[in-house]
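Here is the structure we will look at, set down as structure tokens.
In what follows, chains carry the letters A, B, and so on, assigned in the order in which the sequence lines appear, proteins first and then strands, with residues in each chain numbered from 1. These figures come from a predicted structure and were not determined experimentally.
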Number of protein chains: 2
Amino acid sequence: MELDERKKKILQAVIKNYLETGEPVGSRTISKYTDLNLSSATIRNEMADLEELGYIFQPHTSAGRIPTDMGYRLYVDDMLSTREKELDKKDRKLDDKEESLKTMQEIMDKRVDRIEEVLKDMAKMLANNTNYTSLVSMPQANKNKLKFVQLTQVDEGKLLCTIVLEGNIVKNEMIQLDRAIDQQTLLKLNLLFNNTLNGLTLQEINFDMAANMADQSGELGELVSEILNAIVAAIGAADGIEIFTSGATNIFKYPELSGNENASRLISTLEEKEMLTNLLTDSLEEIGESTTGIQIYIGEETPVNSMKDCSVVTATYEFEDGVYGKIGIIGPKRMDYEKVLDALKNVTGSLDQKFGKGKKK
Amino acid sequence: MELDERKKKILQAVIKNYLETGEPVGSRTISKYTDLNLSSATIRNEMADLEELGYIFQPHTSAGRIPTDMGYRLYVDDMLSTREKELDKKDRKLDDKEESLKTMQEIMDKRVDRIEEVLKDMAKMLANNTNYTSLVSMPQANKNKLKFVQLTQVDEGKLLCTIVLEGNIVKNEMIQLDRAIDQQTLLKLNLLFNNTLNGLTLQEINFDMAANMADQSGELGELVSEILNAIVAAIGAADGIEIFTSGATNIFKYPELSGNENASRLISTLEEKEMLTNLLTDSLEEIGESTTGIQIYIGEETPVNSMKDCSVVTATYEFEDGVYGKIGIIGPKRMDYEKVLDALKNVTGSLDQKFGKGKKK
DNA sequence: TGTTAGCACTCTATTAATTTGAGTGCTAAT
DNA sequence: ATTAGCACTCAAATTAATAGAGTGCTAACA
């Protein structure tokens with residue numbers, strides 16, 4: 001059995017209605033709502049078919065139907081493809097866009113230098129606008145080139161190592177040494193590191209290079225490798241991806257999420273943040289493939305266990321040339337996907353425009 | 001009517017029992033549990049008195065009694081004073097202490113330089129150990145002396161300003177200028193700032209000084225004041241106190257907290273963090289007064305609205321000489337105060353010992 | 001053959017009624 | 001002053017009754 005046009009329409013209607021009400025939708029509702037002009041009995045037959053096909057189900061006999069993950073998936077895919085088409089007509093919901101862009105602008109103008117603050121604010125704004133939970137990752141520096149390194153003596157035998165990466169991401173690391181260092185040596189070291197490391201990415205600073213540098217610097221060898229370690233540690237994956245979340249408590253607004261104890265598990269996950277990297281790193285390599293950098297996980301599709309009752313939508317933003325970050329929304333499966341997509345697109349758009357080169361047409 | 005010895009004992013018993021069970025405790029229970037050897041009827045009479053005095057109450061007629069805030073307060077104060085006395089016998093729960101000290105040590109040794117990480121881990125550990133919610137504030141730098149400033153040119157007209165405070169707290173700030181700066185000027189500026197600002201606290205860098213410096217530096221005046229602003233901003237209260245929380249979801253373990261919608265409000269507060277500063281700054285000036293730096297808020301006593309059903313215990317730790325931070329536990333009013341006090345004391349103890357000078361005898 | 005009206009049936013949700021038990025307050029006896 | 005005893009209260013748990021939404025199926029209809 002295939003999905004004919006009518007079935008599609010009915011499915012659509014069921015889902016749309018469920019998105020709005022959160023209640024199982026029955027045949028009579030559909031019969032009245034749609035312009036199909038069919039009796040509830042007919043709808044019932046069709047819905048039985050749709051159930052058999054796996055797009056909808058009843059929580060119990062004598063209840064209306066609810067979309068399955070598969071149903072949502074069809075709905076969302078459909079929506080995405082029509083959106084693509086409509087993208088040319090730029091007039092889509094211009095008013096909405098305007099408004100949220102303005103808010104965005106305000107946030108951006110506040111303090112451009114403090115990326116962290118900007119991202120946090122952005123997450124907050126997203127959560128407020130959508131009434132879902134939002135998360136934002138700091139732009140990943142891993143693949144980013146080193147701009148310069150600076151060593152400064154802070155105390156006896158205590159060096160402060162300041163590192164600036166392409167994209168003006170700054171990292172600090174304290175290095176504790178077992179002896180003091182004179183000004184001369186410090187200068188030499190600074191020169192050495194800058195000459196050798198400039199323009200390299202973290203990946204390119206490998207063991208060979210470390211050995212090489214240590215050799216070349218003779219008696220300072222040990223010192224050099226010690227410092228190099230610190231540098232790698234400072235930039236490195238060691239400290240993972242930084243992620244900010246906001247609006248975690250919004251999930252209490254959706255009974256299907258807040259009812260069971262999963263609510264607590266979900267909030268726990270958001271608090272721990274470790275699991276969240278799965279959501280945001282997973283799809284980073286697929287950027288080329290997808291036109292928009294947008295990823296949608298529905299229910300069981302999500303890689304995070306505590307979110308199996310949720311849907312997650314993530315998008316990629318370009319922070320500076322080549323430096324990407326991710327931003328996402330977590331909500332109930334019956335989230336307003338349209339709204340979420342718009343919100344994400346606005347935000348990433350603003351970010352690209354403000355920081356990035358706006359390379360997307 | 002005054003609290004005679006027997007009433008005190010009964011109150012104590014009621015509270016102790018309630019702490020453990022979380023259920024209203026009735027007269028029979030007390031009659032059996034205590035060594036008072038009194039019948040339930042007698043206890044009932046006494047309990048009626050205690051209720052009239054405001055130390056306990058019944059959630060409804062024909063239920064057992066529950067301590068009021070006032071009851072808790074008496075209990076806690078009493079405990080504190082006996083603890084003080086017992087402080088000499090150092091053998092208190094040595095085994096427990098040992099264990100948690102070990103964990104502490106592990107965390108500390110991990111990466112001493114990354115205070116932030118250490119504090120986060122500590123918060124996590126505290127939350128895990130106590131099954132309550134924990135919060136830790138970054139040591140406040142406001143009153144801390146400036147150790148040195150370093151300006152570096154990162155891009156055309158983009159300066160990186162690295163600031164190190166006493167206690168080796170590092171701050172970075174990007175400064176966007178409308179013109180490029182040559183190496184010469186940069187050196188001059190660095191010298192100027194270091195000479196002028198070294199050893200000063202944020203408070204001491206005031207307007208007069210700014211004007212003065214600007215004047216002295218002639219044509220560079222504008223530039224100087226611009227940079228000075230950035231420095232102040234970087235250190236300043238502008239970005240508030242940084243606070244980490246952990247174990248927010250632990251509140252779901254206590255029905256009296258998780259039941260109503262306050263749970264959500266509480267978690268919201270923890271997420272926002274802004275309100276939390278009230279908890280942690282409020283009592284900072286009272287350090288001198290209280291011997292231990294420990295503060296206990298019970299129910300209505302807490303300055304944060306969403307925590308009126310909770311108790312909050314905070315303690316002060318000394319990070320480096322003169323740099324204080326706070327650490328706290330949020331839990332139900334019937335929290336295990338003993339345990340919490342011990343946990344906090346261990347942690348602050350370890351911190352003082354590791355970083356600070358252990359000035360407390 | 002596809003559509004529809006009609007009806008019996010199912011299951012949840014809500015409300016009401018009933019029962020249970022813990023705990024109290026009071027009184028009268030010790 | 002203490003206690004045994006009893007009547008009383010109230011929340012919580014259990015059971016019963018009712019209402020209502022929605023289905024599946026059958027038989028009639030165009």
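- The side-chain contact (heavy atoms from CB on, under 4.5 Å) with Met79(A) is formed by just one residue from the set Ile296(A), Leu341(A), Leu74(A); it is Leu341(A).
- Set against dT4(C), dT3(D), dT23(D), the side chain of Leu38(A) has dT4(C) as its closest nucleotide.
- Residues Asp342(B) and Arg83(B) are paired through a salt bridge, judged by an N-O separation under 4.0 Å between the basic side chain and the carboxylate.
- In this structure, Arg73(A) pairs ionically with Asp77(A), as a charged nitrogen and a carboxylate oxygen lie closer than 4.0 Å.
- Per the geometry, CG belonging to Asn45(B) stands 9 Å off P belonging to dC26(C), to the nearest Å.
- Nearest heavy-atom pair across Tyr132(A) and Gly331(A) is CD2-CA, 4.0 Å.
- Nearest to the side chain of Thr42(B), among dT3(D), dT9(D), dT23(D), sits dT3(D).
- In this structure, Glu271(A) and Thr245(B) have side chains that are in contact, with non-hydrogen atoms separated by less than 4.5 Å.
- One can place CD1 of Ile43(B) at 19 Å from P of dA22(C), the figure rounded to the nearest angstrom.
- Picking from dG23(C), dA5(C), dA21(D) the nucleotide with the shortest atom distance to the side chain of Ser62(B) gives dG23(C).
- For Ser27(B), the listed nucleotide lying nearest its side chain is dT24(C); candidates were dT3(D), dT3(C), dT24(C).
- Closest approach to the His60(A) side chain among dC11(C), dT24(C), dT3(D) is made by dC11(C) (side chain taken as heavy atoms from C-beta onward).
- OP1 or OP2 of dT9(D) has not a single side-chain nitrogen or oxygen of Thr61(B) nearer than 4.0 Å.
- Counting to the nearest Å, the P atom of dA21(D) and the CD1 atom of Ile30(A) are 16 Å from each other.
- In this structure, Glu52(A) atom CD and dT23(D) atom P are separated by 16 Å, rounded to whole Å.
- Distances were taken from every side-chain heavy atom of Arg65(A) (C-beta onward) to each of dT10(C), dG24(D), dT2(D); the shortest belongs to dG24(D).
- The phosphate of dT3(C) has OP1 or OP2 within less than 4.0 Å of a side-chain N or O from Arg6(A).
- When the side-chain nitrogen and oxygen atoms of Gln58(A) are compared with OP1 and OP2 of dG24(D), one or more of them lie within a distance under 4.0 Å.
- Rounded to a whole Å, the CD1 atom of Ile66(A) is 17 Å from the P atom of dA21(D).
- Atom-to-atom, CE of Met47(A) to C1' of dG24(D) comes out at 12 Å; the value is rounded to the nearest Å.
- When rounded to the nearest whole Å, the span between CG of Leu36(B) and C1' of dA1(D) equals 15 Å.
- The side chain of Ala41(B) has dA4(D) as its nearest neighbour among dG25(C), dT23(D), dA4(D).
- Closest to the side chain of Arg44(A), from the set dT3(C), dC11(C), dT23(D), is dT23(D).
- Rounded to whole Å, atom P of dC26(C) lies 15 Å from atom CD of Glu46(B).
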